[in-house]
Amino acid sequence: LYKRLDNLARHANDIILLSDGDGRIVDVNERAIEAYGYGRSEFSRLYIADLRAPESEPSFYEAQERILKIGGMRFESEHVHKDGSRFWVESSVRVIDIDGEKYFQNIARDISGRKQAEAMLRDRERRLSEAQRLAKLGSWSWDVASGDVYWSEELFRIFGYDQKLPVPAYEEYLAMYQPGSRVMFELGVDQARYAGQANEFDLE
């Protein structure tokens, strides 16, 4: 059983780090060696704080203090490879007891790809927002299943609404149109919803 569990941990796809109460690394799995670029003997001379970017939040000591209080914690932080390059990880850290001594078990996953995708998405949203502002073109969407409504920044400006306030619900949005225009708008929504038909209207 010990050999099976040891093999499972050492060859897991996630990074696994075990550190003592002072944050000194006492054991790692193969994925950690591969991810950071340090050998096993090099890890034994390092502390968890040595793996993290100095300005990464939360700070190692703040996180450790909180983990000791609540028993575990999940957070994202920026780490550093042996060659100095950086990558983001999502860590799940908890306190475990081994022969009466407290240790920190850190199971981490490289999320650099996700972070890069999020940054690209934010950049696209910024560019879209700027393009809509220049064209004075707003956009609106309605998730029928959840009832959630989305307004672009330019649509807030067009209707004179404060962007800090909640997005008006679908019924509130309908109320912004004159009665005749409201009927046409609802007709367009129904045709899009049930028939996938696109429409273009001039509404008041």
Side-chain angles (χ1 to χ4, degrees), residues 1-131 143 146 148 150 152-153 163-164 166:
L1 176 61
Y2 171 79
K3 287 181 178 180
R4 287 200 299 268
L5 292 175
D6 181 64
N7 192 60
L8 181 66
R10 290 191 179 279
H11 298 286
N13 287 328
D14 288 337
I15 296 165
I16 301 178
L17 305 161
L18 186 68
S19 59
D20 63 17
D22 296 324
R24 184 176 63 85
I25 298 171
V26 297
D27 203 0
V28 299
N29 70 344
E30 298 301 322
R31 181 70 183 93
I33 294 172
E34 177 186 331
Y36 290 95
Y38 292 105
R40 192 171 298 278
S41 61
E42 291 177 297
F43 268 114
S44 67
R45 298 190 293 271
L46 297 175
Y47 289 75
I48 293 292
D50 296 326
L51 303 179
R52 298 182 57 179
E55 71 280 8
S56 186
E57 294 292 340
S59 75
F60 168 74
Y61 297 104
E62 289 175 353
Q64 182 171 266
E65 185 176 343
R66 185 176 177 188
I67 292 163
L68 283 170
K69 286 182 179 179
I70 63 178
M73 184 177 173
R74 184 185 295 272
F75 55 91
E76 295 178 2
S77 56
E78 194 173 18
H79 284 218
V80 183
H81 295 288
K82 182 181 178 179
D83 64 8
S85 59
R86 299 187 176 198
F87 67 112
W88 280 89
V89 302
E90 180 184 58
S91 299
S92 176
V93 185
R94 67 188 184 101
V95 179
I96 61 175
D97 186 280
I98 302 177
D99 296 331
E101 296 288 337
K102 282 185 170 57
Y103 290 85
F104 294 91
Q105 181 193 59
N106 185 342
I107 300 178
R109 177 167 297 177
D110 188 334
I111 57 170
S112 300
R114 190 183 82 194
K115 283 288 187 180
Q116 184 178 16
E118 290 173 352
M120 291 175 64
L121 179 60
R122 287 193 299 270
D123 184 61
R124 283 199 297 268
E125 290 175 343
R126 180 187 62 80
R127 291 173 183 270
L128 175 61
S129 178
E130 179 65 10
D143 186 325
S146 67
D148 293 337
Y150 166 81
S152 69
E153 292 182 10
Q163 294 183 40
K164 296 179 182 177

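From a predicted model like this one, the values you see are computed outputs, not experimental measurements.
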>> Strictly distance-based, threshold 3.5 Å: is any side-chain N or O of S19 a donor or acceptor partner for the main-chain N or O of R24?
In response: no

>> For the CD1 atom of I98 and the CD atom of Q105, what is their distance to the nearest 0.5 Å?
In response: 8.5 Å

>> Quick one: does any side-chain atom of S91 pair with a main-chain N or O of V93 as donor and acceptor, under 3.5 Å?
In response: no

>> Can you tell me how the ring of H79 sits relative to the ring of Y36, calling it parallel under 30°, perpendicular over 60° and tilted otherwise?
In response: tilted

>> Within the structure provided, determine whether F104 and L17 are in side-chain contact (heavy-atom separation under 4.5 Å).
In response: no

>> Show the nearest heavy-atom pair for residues I15 and A35, with the distance to one decimal.
In response: CD1-CB, 3.6 Å

> Minimum heavy-atom separation for S92 to R74, with atom names?
Replying inline: OG-NH2, 4.0 Å

> Any side-chain heavy atom of Y38 within less than 4.5 Å of one from L51?
Replying inline: yes

> Should the pair K115-E78 be classified as a salt bridge under the 4.0 Å nitrogen-to-oxygen rule?
Replying inline: no

>> Measuring only between side-chain heavy atoms, which start at C-beta, is F87 closer than 4.5 Å to V89?
In response: yes

> Can you tell me how far NZ of K82 sits from CG of D50, rounded to the nearest 0.5 angstrom?
Replying inline: 13.5 Å

>> Quick check: closest heavy atoms across S129 and E153, and the distance to 0.1 Å?
In response: OG-OE1, 3.0 Å

> Does the pair R126/E130 count as a salt bridge with the N-to-O cut at 4.0 Å?
Replying inline: no

>> Looking at D27 and L18, would you say the former's side chain and the latter's main chain have a donor-acceptor pair under 3.5 Å?
In response: no

>> Tell me if a side-chain donor or acceptor on R31 pairs with a main-chain N or O of N13 at a distance below 3.5 Å.
In response: yes

> Can E30 and R40 be counted as an ion pair, charged N to O under 4.0 angstrom?
Replying inline: yes

>> Give me the atom names and distance for the closest heavy-atom approach of Q64 to D22.
In response: OE1-C, 4.4 Å

> What is the minimum heavy-atom distance between F43 and I25, and which atoms define it?
Replying inline: O-CB, 3.6 Å

>> Is any side-chain heavy atom of R109 closer than 4.5 Å to one of R114?
In response: no

> Looking at CE of M73 and CD of E65, how far apart are the two atoms once the value is rounded to the nearest 0.5 Å?
Replying inline: 11.0 Å

>> For E42 versus G37, what's the shortest heavy-atom pair and its separation?
In response: OE1-O, 4.3 Å

>> Would you say that more than 12 heavy atoms from the other residues, nucleotides or ligands in this model lie under 6.0 Å from the CG of D97, or not?
In response: yes

